[in-house]
Structures are given as structure tokens and as C-alpha cells.
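Report on the structure given below.
All values reported here derive from a predicted model rather than from experimental measurement. Each chain gets a letter, A, B and so on, in the order the sequences are listed, and its residues count up from 1.
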2 protein chains.
Amino acid sequence: MRETPQSPEDQKRSLVEAQDGFIAAFGQMGSAWGISRTMAEVQALLYITGEPLCTDDIMERLRISRGNASMSLRALLDWGVISRAHKRGDRKEYFQADQDVWDMFRAILRERMKREVDPLLASLHEIRDKTNTELAAKSDAGRGKRPRDDDPELRQKIDEHNTRLDSMLRFFETIEALSQKFVSPAGRGLKIAATLLTSPLLAGGGRER
Amino acid sequence: MRETPQSPEDQKRSLVEAQDGFIAAFGQMGSAWGISRTMAEVQALLYITGEPLCTDDIMERLRISRGNASMSLRALLDWGVISRAHKRGDRKEYFQADQDVWDMFRAILRERMKREVDPLLASLHEIRDKTNTELAAKSDAGRGKRPRDDDPELRQKIDEHNTRLDSMLRFFETIEALSQKFVSPAGRGLKIAATLLTSPLLAGGGRER
DNA sequence: GAGAGATTTCAATCATTTCTGAAACGGTCG
DNA sequence: CGACCGTTTCAGAAATGATTGAAATCTCTC
């Protein structure tokens, strides 16, 4: 099995095949997230080739239109996972992917939190504020001053509703704080924490219930 | 502002409004993930009302078709975030959401890992195996036995390719291990870890670079 | 085992997202 | 300036994904 001495041409072809496989797998996963398949594929291509490519390279390799390539590149720049590069004596713009996998996913985590969790948290807080003033719960539960035909059953439902809302709120606030810790301050935070948590040190916590 | 004594009817209306807001916010976020908006809304409805609802309740409240409700409920059951319930003397099936937010998101994490990360890891391993035999890297770099017109530049590209592939592989393996730790063994793992990591104890690590 | 109610399935329809191609734009060089 | 080269924008086309509604299936009960 190991005795398949390949010609450079065969090697070249195998390499390209491997790259294509990588790109396909990555694109697949990308579409399971909010990201468009093409965008993920562009990122994968830039990462796996490792060298700066221009728009035409990408169009050709991925068989996509110029517009699509341009849009995807712009989006990736916005996400902060690729950067521009220039070649001397060449007016074209080239693009290259961040070669540090952890940095790359830190950037992605940061963006996704910003786009998905933050708005949700805002909504939840808004709703909570509203129910807090309009449907004031326990806090003034002993202060009398209530409509005389107050319904205890309804009151309880409202209290429970607020409790559930608060649980959700606290959950997302914890997640938010966690991701802040990983993403923003010290660059190595995430990697270190992950390595720590995966190390045998904490293995004792992993006992079946 | 606090002196708006509300009639039970007003309270009831406010409660429903708050629920609707919650459902909308949740559905919004759901669609940013791979989940369909409706599915997220059903989950939100079941969570925030806290009581078991039947298909018709859900259809009516969310204004969706029977088929859609059925499909969404089935999917949520598959994800393991809601469960069936029955009312005495009623042939209808009722559904209720897991009321523990952390359990709920543990289930979601587990499912998403299974559906998205595991297949990716499988693909990456497959690709790596292929390039390993066909484009053997450093390991036999000194064993002579190579095509005589071996191209050193190509060789280097292949090595770099394999390095990048390995980085990505190691990253996802760490993530996989991490999520295993959180998700599968002791139920409280995730919550505890999150609380720990968010506590001031580790705050020292959060210094700007 | 026939009927009634409840649930699931699925082809057709509808909505949303993604992609294309061509035109508009912008900067650079002669 | 004005021709050239490259990039961005955007309206419509294509692809994909979600939803419906009605028929098929299931499952109790009598």
C-alpha cells in the first residue's frame, strides 16, 4: 500500500483533490451555521492554500461569479477572518486567511455573539422591563394597593412567567460573559481554557450520574 | 409610572404580549442558527407558558398549519428538548418543554455537535488519511525511495497543507472533547464550568495584551 | 372490526436566500 | 483628460428551504 511512488503530476492532482475535499466539508458545515456555503468555501480555500489569492483565482477555483466572490470576500473581511494583501507591481487585490485556527474561530465567535446573542439579550431585557412595571411581581406583593378583584391564579402565572424569563436571561448573560472572557481580552484565553478543561485535571467531574 | 393598577383582563393581555415578544425574539435567533423559525417558536411557546399544550393549542397560538406543528414537535422531540405528556381522560397528546434552561441547551449542544461537528471531523480524518498515504510527508522524508524527479517546492506545499489540515483537525478535536465534557457525563458540568470561568477567580487572565 | 378522533406524511405551493451578469463606480497611468 | 483595469452594486434568475392542506395512517373505544 505504501509503494505507490507518484509522479509530481499525480501528487499535484492529489493535493488539489485534498483541498477540494476540505473545501467541500467546510462549506457543508458553514451552511449548517448561518453562513452561506460559498462564504465558508472561500474561507476554506484561502485557509488551506495558505497563499494570497485574487478574486479571479477564487472565481475560477470555486466556479462562482464575480459578484458572488466579491460579496463573500467583503463579508469575510467584515467578520475579520481574512485580510487584504498586495503584490508589488500588481494592481489586483489579494486576500489571505488568518493562519491561526484559534484566532479565526475567536473572530467567528465574537461576530456571532454580536449578531445573534446581543440582540436577543436586548429583547429579553426589554420584555422583562415591561412585565416588571406592568405586571409587578413579588417585590410589591405585600403592599396592598392592587385591584380589588385581583386573581391569585393569574398572579401566580405571572410570577412563574417572570421566573422563567429571568432564568433565560441569566443563562444568556452567563454565556455572554463567558464568551467575553474567551474572545476579547487576552488572545490566548480560549485556547488555554479549552486545553485546561480538556486536561485530565478536571476528569474527576466527568463521572456518570 | 408605577401607579397603573391594572384589571385582571389587562394583566392577562400584558402577559400574552410578553409571551409573544419572547416567542418572536427566540424565533428570530433560531433562524440565525440552522433551526427553522417555527421550530424555535414552538419551543419558546412551550417553555414560556410552562404548561403542556396540545397540537391544536400550538396551531392556534402560533397560527401555523397542522402539518407544520406536527413536524416541528417531532423535531423537538428528536432533539430531546420537549417531552410528551398526557391528560387524564383526554386522548390528545400534550407536549411540554424541559424547564431547566441549562439542560435544554446541553441537549441542543449535544445535537448540534452530533449533526455538524462529527461529520466534519469524519471528513477531515478521511482527507488526512488519504493525503497521508498518497502524499506522505515528513515521516519518510529521509527514506530515499521517491520518484527521482521529486519537486522540492511541491513537497513543501504538501507538507504545509498537511500541517494546516492537522491544525484544523486538532482544533475540532479539542472542541469535541470539550463539548463531551460539558454535555455527556455529569449533568451539572456545563453550568459549573461556566460559573467558575465567569467568576472573579480567573479575572486575572483577562488583561489586555 | 367499524367508527371517531388524533397524528403523520407528502406533493404542491410559497417564501427566503443565494447567485449571477451586467452596468456603475473608482482609481491609476500615460 | 480619458482609456484601462479592477471592484462593487444590484435587479432579476435560480436554488433552496419552509409551510400548507388534504389524504393516509394510526389507535383507541365500543
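Whole-Å rounding puts the B:Arg66 CZ to C:dC10 P distance at 18 Å. One can place CD1 of B:Ile64 at 16 Å from P of C:dA15, the figure rounded to the nearest angstrom. In this structure, A:His86 places its NE2 atom 13 Å from P of D:dG6, rounding to the nearest Å. Atom CD1 of A:Ile35 and atom C1' of D:dT16 are 17 Å apart (whole Å). Distance, B:Lys87 NZ to D:dC28 P: 19 Å, rounded to whole Å. Atom-to-atom, CG of B:Asp56 to P of C:dT8 comes out at 12 Å; the value is rounded to the nearest Å. Between B:Leu62 atom CG and D:dT19 atom P there is a gap of 10 Å when expressed in whole angstrom units. Straight-line distance from the CD1 atom of B:Ile58 to the P atom of C:dA6: 15 Å, rounded to whole Å.
If you take NE2 on A:His86 and CZ on A:Phe95, they are separated by 8.0 Å, rounding to the nearest 0.5 Å. Rounded to the nearest 0.5 Å, atoms CD (B:Gln19) and CD1 (B:Ile23) are 6.5 Å apart. Here OG1 of B:Thr38 is found 12.0 Å from CG of B:Leu45. Values are rounded to the nearest 0.5 Å.
Nearest-nucleotide assignment on DNA chain C puts the 5′-proximal partner with B:Tyr94, out of B:Tyr94 and A:Gly67.
Residues from residues 36-44 of chain A placing a heavy atom under 4.0 Å of any atom in DNA chain D do not occur. Residues from residues 68-82 of chain A with heavy atoms under 4.0 angstrom of DNA chain D, sorted by number: A:Ser70, A:Met71, A:Arg74.
Side chain of A:His161 to backbone of A:Lys157: no donor-acceptor contact under 3.5 angstrom is found. With B:Arg164 contributing its side chain and A:Thr49 its backbone, the two residues share a donor-acceptor pair below 3.5 Å.
Among the candidates B:Arg66, B:Arg61, B:Lys92, the single residue satisfying the salt bridge (Lys or Arg N to Asp or Glu O under 4.0 Å) test with B:Asp56 is B:Arg66.
By the 4.0 Å N-to-carboxylate-O rule, B:Glu17 lies close enough to B:Arg13 to be salt-bridged with it.
The shortest non-hydrogen separation linking A:Gly30 to A:Ala40 is CA-CB, 3.8 Å.
Distance from the side chain of B:Arg91 is smallest to D:dC28 among D:dT19, D:dC28, C:dT7. Taking the side chain of A:Thr55 as heavy atoms from C-beta on, and the options D:dT7, C:dT7, D:dC4, the nearest nucleotide is D:dT7.
Applying the salt bridge (charged side-chain N to carboxylate O under 4.0 Å, His left out) criterion to A:Lys114, with sequence neighbours excluded, gives A:Glu111.
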